[in-house]
Amino acid sequence: MSDATSRTTMKRATPGQGDARFSVPLTSIHRVEADGVQVFYRAAGETDAPVILLLHGFPTSSFMFRELIPRLANDYRVIAPDLPGFGFTEVPAEQNYSYSFDRLALTIDAFTQALKLDRYAIYVFDYGAPTGFRLAMAHPERITAIVSQNGNAYEEGLGDAWGSIRKYWATPTSENRGILRQTILTAGGTRWQYTDGVANPESVPPESYTLDTALLERPGNKEIQLDLFLDYASNVKLYPKFQEYFRKSKPPLLAIWGKNDPFFVPAGAEAFRKDLPSAKVQFLETGHFALETHVVEIASAMKEFLQANGIASRSGESRLAR
């Protein structure tokens with residue numbers, strides 16, 4: 001394992017230096033080779049604390065967790081990688097990498113092995129869900145809990161916004177591919193994903209969708225995204241397998257959902273209870289990127305859920321000041 005770059009993990013203190021109630025862990029950045037890929041990731045928290053693996057979705061990166069990580073890191077070891085094709089993870093051209101969800105899951109599996117993570121909870125969002133659920137099926141013994149934030153595993157959870165992508169699945173022509181390139185893979189399309197369903201769209205920090213747009217514009221990246229759009233159909237085919245995993249392994253699950261999400265609608269959150277009757281379901285008055293508007297509520301719900309399921313902080317009690 002090689003860890004090329006890192007900032008020393010420090011504590012940012014507010015008045016009352018030395019008072020742990022006011023110390024906030026600094027998120028550090030790293031790279032590690034896994035599956036022939038230089039995986040960029042953010043990390044915070046003590047190395048002996050219970051692990052939470054944060055898996056982002058389209059079209060973002062680990063940057064989406066910038067406000068969540070420090071809210072969890074006094075209690076947990078929090079790790080958030082950038083998936084291949086996203087953020088600052090680098091895939092060498094000579095790898096001839098196949099951009100499919102099977103391959104994303106294999107790379108993240110290799111990433112967890114490189115970091116020697118043998119037990120962890122997963123937070124899955126959007127693309128992070130089919131990636132994380134594949135990981136869970138392959139290694140059910142490693143999963144301590146699942147937090148699904150608009151991370152779907154049921155047909156009834158697919159909203160009307162999938163219409164043009166479903167058409168591409170059925171008829172993967174260059175014309176249908178071009179329609180997606182000109183609608184979803186644009187600055188306006190990205191901003192819409194962040195702001196649709198949000199009561200006050202201007203409350204969404206513009207650096208979020210602006211960074212995503214800049215990274216989407218890198219040479220060749222839109223073709224990667226179009227390949228993943230097409231392969232998303234493989235996730236839908238796997239939904240019965242994901243559901244079988246839920247029934248068999250019975251992981252504790254919190255579905256916390258932006259209820260105005262046009263892609264993954266509330267029925268997808270409620271559906272978890274079909275296979276996990278004890279699943280906790282919570283709705284938030286926001287859209288797809290719920291962390292942009294409701295990070296405080298999500299962090300609080302996560303800590304309550306994890307501790308209720310025996311995944312306590314390293315010290316056995318929450319040490320992060322509210």
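All values reported here derive from a predicted model rather than from experimental measurement. Heads up: numbering here begins at 1 and tracks the sequence.
A donor-acceptor pair under 3.5 Å is absent between the side-chain atoms of R166 and the main chain of A161, judged by distance alone. A donor-acceptor pair under 3.5 Å is formed between the side chain of Y76 and the backbone N or O of I311. Looking at T171, its side chain never comes within 3.5 Å of a backbone N or O of T173 through a donor-acceptor pair. S28 places a side-chain N or O within donor-acceptor distance of the main-chain N or O of A43, the cut-off being under 3.5 Å. Put simply, the side chain of W257 gets close to the backbone of F264: a donor and an acceptor are under 3.5 Å apart. N260 places a side-chain N or O within 3.5 Å of a backbone atom of G197 that can act as its donor or acceptor partner. Judged purely by atom type and a 3.5 angstrom limit, H288 has no side-chain atom pairing as donor or acceptor with the backbone of P262. Of the possible donor and acceptor atoms, one in the side chain of T89 sits under 3.5 Å from a partner among the backbone N and O of F40. With hydrogens and angles disregarded, a donor-acceptor distance shorter than 3.5 Å links the side chain of T213 to the backbone of Y209. A donor-acceptor distance shorter than 3.5 angstrom exists from the side chain of T186 to the backbone of T183, with no hydrogens or angles considered.
In the displayed structure, Q95 atom CD is contacted under 6.0 Å by more than 12 heavy atoms of other residues, nucleotides or ligands. Atom NZ of K274 is surrounded by more than 12 heavy atoms from other residues, nucleotides or ligands within 6.0 Å. In N200, the CG atom is crowded: over 12 heavy atoms of neighbouring residues, nucleotides or ligands sit closer than 6.0 Å. Summarising the local packing, CD of E141 is surrounded by more than 12 heavy atoms from other residues, nucleotides or ligands at distances under 6.0 Å.
Between L180 atom CG and F229 atom CZ the span is 6.0 Å, to the nearest 0.5 Å. In this structure, NZ in K237 is found 9.5 Å from CG in D231, a value given to the nearest 0.5 Å. Between the CE atom of M64 and the CD atom of Q149 there is a distance of 5.5 Å, given to the nearest 0.5 Å. The line from CG of N221 to CG of L226 is 9.5 Å long, rounded to the nearest 0.5 Å. Annotation: the span from N150 atom CG to D261 atom CG amounts to 4.5 Å, rounded to 0.5 Å. Annotation: the span from E223 atom CD to R177 atom CZ amounts to 5.0 Å, rounded to 0.5 Å.
Summarising the geometry of A105 relative to L135, their closest heavy-atom pair is O-CD1, 4.0 Å, with the distance given to 0.1 Å. Summarising the geometry of F88 relative to R31, their closest heavy-atom pair is O-NH1, 2.6 Å, with the distance given to 0.1 Å. Contact between K259 and P266 at its shortest, heavy atoms only, is O-CG, 3.4 Å. When all heavy atoms of S61 and D212 are compared, the closest pair comes out as N-OD1, 4.5 Å. Nearest heavy atom pair, residue R134 against residue S234, reads NH2-OG, 3.3 Å. Minimum interatomic distance between P81 and L53 (heavy atoms only, all atoms of both residues): CD-CD1, 3.9 Å.
Between Y123 and F125, the distance from one ring center to the other does not fall under 6.0 angstrom. For Y41 and F111, the ring centers sit closer than 6.0 Å to each other. Side-chain rings of F242 and Y154 stay apart, their centers remaining 6.0 Å or farther from each other.
The shortest side-chain heavy-atom distance between S208 and R66 falls under the 4.5 Å cut-off. Residues W169 and V236 have side chains in contact (heavy-atom distance under 4.5 Å, counting atoms from C-beta outward). Put simply, the side chain of F63 does not reach to within 4.5 Å of the side chain of L215, judged on heavy atoms. Counting heavy atoms from C-beta on, the side chains of F289 and V204 never come closer than 4.5 Å. Within the 4.5 Å cutoff, side-chain heavy atoms of R77 are placed close to those of L117. Side-chain atoms of S164 and I184, non-hydrogen and from C-beta on, do get closer than 4.5 Å to each other. D35 has its side chain within reach of R103: a pair of non-hydrogen atoms, C-beta onward, lies under 4.5 Å apart. Put simply, the side chain of L228 reaches to within 4.5 Å of the side chain of F101, judged on heavy atoms.
Residues R71 and E67 are paired through a salt bridge, judged by an N-O separation under 4.0 Å between the basic side chain and the carboxylate. Ion pairing between a basic and an acidic side chain is recognised when a charged N comes within 4.0 Å of a carboxylate O; K222 and E217 show such pairing.
One side chain, Q113 or D109, offers a donor N or O that lies under 3.5 Å from an acceptor on the other. For the residue pair N235/Y127, the side-chain donor-acceptor check at 3.5 Å is not satisfied.
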- prompt: Hey, mind stepping through F133 and Y245 against ring-ring contact (aromatic ring centres under 6.0 Å, His included) and telling me if it holds?
  reply: CA-CA 9 Å; F133 295 153; Y245 157 75; 7.5 Å; no

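A cation-pi arrangement is absent between R191 and Y194, since the terminal nitrogen or guanidinium carbon is not both under 6.0 Å from the aromatic centre and inside a 45° cone about the axis.
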